[in-house]
A.B. asks: 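Structure provided below as structure tokens; questions to follow.
Indexing begins at 1, ligand by ligand and atom by atom, following the structure's order.
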Amino acid sequence: MTQATELDATAAETGANATKVFQAKAKAPTAGTNQERVAELATEVLAAIHDVIRRHELTYSEYDALKAWLIKVGQDGEWPLFLDVFIEHAVEEVVNADRPGSKGTIEGPFYVPGAPRADGEVTLPMRADEAGTPLLFRAHVRSRDGASLPGAQVEVWQADDAGFYGQFAPGIPEWNLRGVVIADADGTVTIRTIQPVPYQIPHDGATGQLIAAAGWHAWRPAHLHFKVVAAGHQLLTTQLYFAGGEYISNDVASAVKPELMLHLKPAADGNGNEVSYDFVLARA
Ligand code: MBD
Ligand code: FE
């Protein structure tokens, strides 16, 4: 058998990897829960489901289809994918509603802690023949009062030019297109990478079956993921998109905000494009 490449990625394998990554960081399911809160939330979720069943007069064949689908989501390891695509945006919205500074958005299922660290001006880990248009990304990290934040950490992760994430699809070097960059004395990071492209979430598993059955699509706009953190400030988890790009107005994961747009310019050195962004952090 020849070596698997990222083009052999399956939703089930990607889902199994995402489940493992999540379980490595997750607490036990009931850790830190409060009985009253659980009862209130669980009762209301169940009541909302009962209400849909009654209003739409669910049939037994639809109930069985639902059961089969839920079982398959688990078998495919796709709970992290399904939840982050269809639910996380509402959680992020309420959790960060009152936080000042740059807008956050969802983390998604493909963050892995522990990426290689580098200072100031870096090229993200990538293959010698990494496909894609070169992108020079500059970010200034500052506090809300305007003070630059030297030593801030800008962590970035992204899909490759074919739309696959390392550690989730086979055949990609472990830390490909992932890195933690430490801001210089001016609070600036300069990151050389490739321009991400619009991206289809894994769609040959249970999540994709639902999307196809409902006549939806599985696309996300091209995006870069970030976690930005500095001493004395709150963590910012966000994504940046490209103004005018495809799927900006119909992201399957509902994670686009107007404040998260990048405006590309041709790079000064003639090699691809460049762009800059300000990350403004709220005090802890
Ligand atoms: C992604 O790359 C992503 O960012 C989200 C939110 C969901 C699925 C895949
Ligand atoms: Fe992503």
A.B. asks: Do Trp157 and Tyr165 make the cut of ring centroids closer than 6.0 angstrom?
C.D. replies: no

A.B. asks: Got a salt bridge between Glu6 and Arg127, using NZ or NE/NH1/NH2 to carboxylate O under 4.0 Å?
C.D. replies: yes

A.B. asks: Angle between ring planes, Tyr199 versus His223, binned at 30° and 60°: parallel, tilted or perpendicular?
C.D. replies: perpendicular

A.B. asks: What protein N/O/S atoms are found closer than 2.8 Å to the Fe ion (ligand 2)?
C.D. replies: Tyr165 OH, His223 NE2, His225 NE2

A.B. asks: Between Lys257 and Glu92, does any NZ, NE, NH1 or NH2 come within less than 4.0 Å of an OD or OE carboxylate oxygen?
C.D. replies: yes

A.B. asks: Residue by residue, ordered by chain and number, which ones reach under 4.0 Å of ligand 1 with a heavy atom?
C.D. replies: Leu81, Val85, Ile106, Gly108, Pro109, Phe110, Tyr165, Tyr199, Ile201, Arg220, His223, His225

A.B. asks: Salt bridge between Lys25 and Glu107, side-chain N to carboxylate O under 4.0 Å?
C.D. replies: yes

A.B. asks: Could you check Leu124, Val275, Leu262, Ile194 and say which one makes a side chain to side chain contact (heavy atoms under 4.5 Å, CB included) with Leu135?
C.D. replies: Val275

A.B. asks: Less than 4.5 Å apart, side chain to side chain, heavy atoms only: is that true for Asn17 and Phe22?
C.D. replies: no

A.B. asks: Check step by step if side-chain hydrogen bond (donor to acceptor under 3.5 Å, both in side chains) holds for His233 and Ser143.
C.D. replies: CA-CA 8 Å; His233 293 77; Ser143 193; 2.9 Å; yes

A.B. asks: Hey, which of Thr188, Asp119, Ile191 is the one that makes side chain to side chain contact (heavy atoms under 4.5 Å, CB included) with Val181?
C.D. replies: Ile191

